[in-house]
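Take a look at the structure set out below.
Only heavy atoms go into these numbers, but all of them, side chains included; no hydrogens, no water, no symmetry mates. A, B, ... follow the sequence lines: proteins, then strands. Residue 1 opens every chain.
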There are 2 protein chains.
Amino acid sequence: MSTATVTKIQRPSKEQRIDTIVESARKVFCSSGFEKGAIEFIAKEAGIAEGTIYRYFDSKHGLLDEVLSRHYSALFDNIHQTLPSIKGPCNRLRYMIHRTLITISEDRSMCGLRTLYARQSEDKRPSLSHDQNRRMAVLMANEVKAGIKEGTFRPDTSPSIVCYMIGGALELTEHSFMRTGKTIDVDKVTDSIWRTIHSGISSSDATTKSLTSLVERFEQAADRLDPA
Amino acid sequence: MSTATVTKIQRPSKEQRIDTIVESARKVFCSSGFEKGAIEFIAKEAGIAEGTIYRYFDSKHGLLDEVLSRHYSALFDNIHQTLPSIKGPCNRLRYMIHRTLITISEDRSMCGLRTLYARQSEDKRPSLSHDQNRRMAVLMANEVKAGIKEGTFRPDTSPSIVCYMIGGALELTEHSFMRTGKTIDVDKVTDSIWRTIHSGISSSDATTKSLTSLVERFEQAADRLDPA
DNA sequence: TCAAATAATGAGCTAGCCTCATTAGTTGAG
DNA sequence: CTCAACTAATGAGGCTAGCTCATTATTTGA
């Protein structure tokens with residue numbers, strides 16, 4: 001038979017195929033959401049049959065996991081690489097907050113997916129995205145612990161609670177970003193989160209004022225001493 | 001016809017029926033999760049037909065909303081009632097944190113539902129539970145604003161970020177509680193969250209020490225002055 | 001070159017949300 | 001009390017969408 005009549009379809013490599021599927025899934029999930037993003041559409045987007053997807057992924061949830069995992073592994077790799085070059089728990093924590101916010105602000109369509117399903121745990125399968133959240137939390141907790149050890153942070157600080165607070169603030173910022181569509185002022189939000197965690201919200205005005213006057217009084221007293 | 005042969009089934013009032021349905025839904029959702037908690041089982045639990053549920057609720061999601069709404073309205077009512085009797089933004093914020101943690105710790109089975117679906121926003125329907133979250137956030141933000149106004153809190157504090165941090169910390173505590181099953185030490189966690197928000201995590205040791213020595217030096221100077 | 005292995009297909013199975021024609025119970029006027 | 005109009009409940013069945021599997025297509029390596 002001639003090559004003109006029979007066109008053998010060249011099969012892409014396993015990796016290419018998976019990439020195509022994941023990318024199609026990302027597109028569909030982002031534009032339609034997880035529940036409404038049907039496998040049928042993902043298959044159409046990828047130009048393959050529905051069944052093919054199930055050769056590479058156990059379930060729709062598994063596919064979502066891979067989509068999220070790929071998206072956030074970039075963030076995670078970056079942090080993992082950069083962290084050693086930053087000195088001091090404060091700077092490192094601040095960097096993690098900043099970098100996460102950049103990732104969030106870069107791809108709004110992704111946010112809805114993660115905020116909704118990062119905590120997917122109805123079936124006990126420990127999802128990849130959840131695992132990544134945990135790894136990030138561990139990184140942060142380590143910095144808090146280091147800060148406590150070296151005396152930078154109060155010894156009665158609970159590392160896990162601090163992580164919860166940072167993580168929660170990031171998630172809710174993400175969520176608000178997704179809902180309102182208002183762009184995130186990354187530097188400003190980083191400052192806000194970090195300042196609140198680091199210094200708290202209690203005004204130091206009263207203390208500062210009383211201390212200032214105290215110092216003044218003592219300095220006057222010292223002045224009176226010195227000439228003598 | 002005799003009353004012995006025909007047993008007319010007495011119909012419960014509309015309210016009773018809804019109560020039964022919501023309670024059955026709560027049980028099923030709590031034990032099986034939302035996705036796996038089929039309407040079929042809820043109907044069976046309530047001793048009615050599936051179709052009856054749809055007389056009172058538009059959809060499964062609507063039913064979930066009502067379940068969550070009922071569960072958390074108790075918390076919300078309590079806070080709404082108690083708040084006016086508490087003086088000062090600090091005490092009020094602290095109370096809200098504390099009261100929320102109590103509610104969380106009281107019903108563990110409920111937590112999974114809320115953490116997963118409180119942010120349900122794929123269909124644009126503004127869910128009741130989401131609305132409640134918003135109302136709580138507004139209450140908290142008001143206290144932060146009041147605190148800034150009266151000078152208790154730093155003027156450069158972002159009320160929304162503070163709310164995100166508190167809300168996030170509560171949610172992640174809830175989530176961790178649900179996953180690990182470890183009981184929450186409500187007072188301890190309240191302290192931890194509140195202390196971090198209020199005073200931050202930066203150790204005041206260095207400042208305190210230098211100030212203490214300063215005061216000492218000046219006091220010695222003053223002592224030397226006084227006798228003279 | 002051709003069998004064995006691997007990949008892809010898509011019709012169809014199944015589960016589960018939801019609908020609707022039918023049946024059951026309630027109410028109020030005569 | 002009776003019956004018609006109305007409201008509530010039923011459950012078989014529609015329909016969608018995730019997933020399976022027998023069949024077909026392509027690749028591989030002996």
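Here D/dG18 is the nucleotide among D/dG18, D/dT10, C/dC18 with the atom lying nearest to any side-chain atom of A/K60. Comparing D/dC19, D/dG18, C/dC18 by their closest approach to the side chain of B/S59 singles out C/dC18. The side chain of B/Y56 sits closest to D/dA9 out of D/dC19, D/dA9, C/dC18. With C/dT9, C/dG16, D/dT10 as the choices, the nucleotide that has an atom nearest any side-chain atom of B/I48 turns out to be D/dT10.
We find that CD of B/E15 is positioned 13 Å from P of D/dA8, with the value rounded to whole Å. In this structure, A/Q10 atom CD and D/dT28 atom C1' are separated by 13 Å, rounded to whole Å. A/R55 places its CZ atom 20 Å from the P atom of D/dG18, with the value rounded to the nearest Å. Going from atom NE2 of A/H61 over to atom P of D/dA17 covers 15 Å, rounded to whole Å. For the pair B/F34 CZ and C/dC17 C1', the computed distance is 10 Å after rounding to whole Å. Put simply, CZ on A/F29 is 13 Å from P on D/dA17, counting in whole angstrom units. In this structure, CG of B/L63 is placed 16 Å from P of C/dG16, rounded to the nearest angstrom. Atoms NZ (B/K14) and P (D/dA9) sit 10 Å apart, rounded to a whole Å.
OP1 or OP2 of D/dA9 lies within a sub-4.0 Å distance of a side-chain N or O belonging to B/R17. Listed pair B/R11 / C/dG25 fails the phosphate criterion, with no side-chain N or O lying under 4.0 Å from OP1 or OP2. A/Y54 has a side-chain polar atom (N or O) that falls below the 4.0 Å cut-off from OP1 or OP2 of D/dC19.
For the pair B/K14 and B/D19, the salt-bridge criterion is not met [side-chain N within less than 4.0 Å of a carboxylate O].
In this structure the side chain of A/M136 reaches within 4.5 angstrom of the side chain of A/T100, judged on heavy atoms. By the 4.5 Å heavy-atom criterion applied to side chains, A/V186 and A/H98 are counted as neighbours.
Residues B/T103 and B/Y72 have side chains that never bring a donor and an acceptor to within less than 3.5 angstrom of each other.
Other residues, nucleotides and ligands place no more than 12 heavy atoms under 6.0 Å from the CG atom of B/D58.
Between the side chain of B/E50 and the base of C/dC17, no donor-acceptor pair under 3.5 Å is found.
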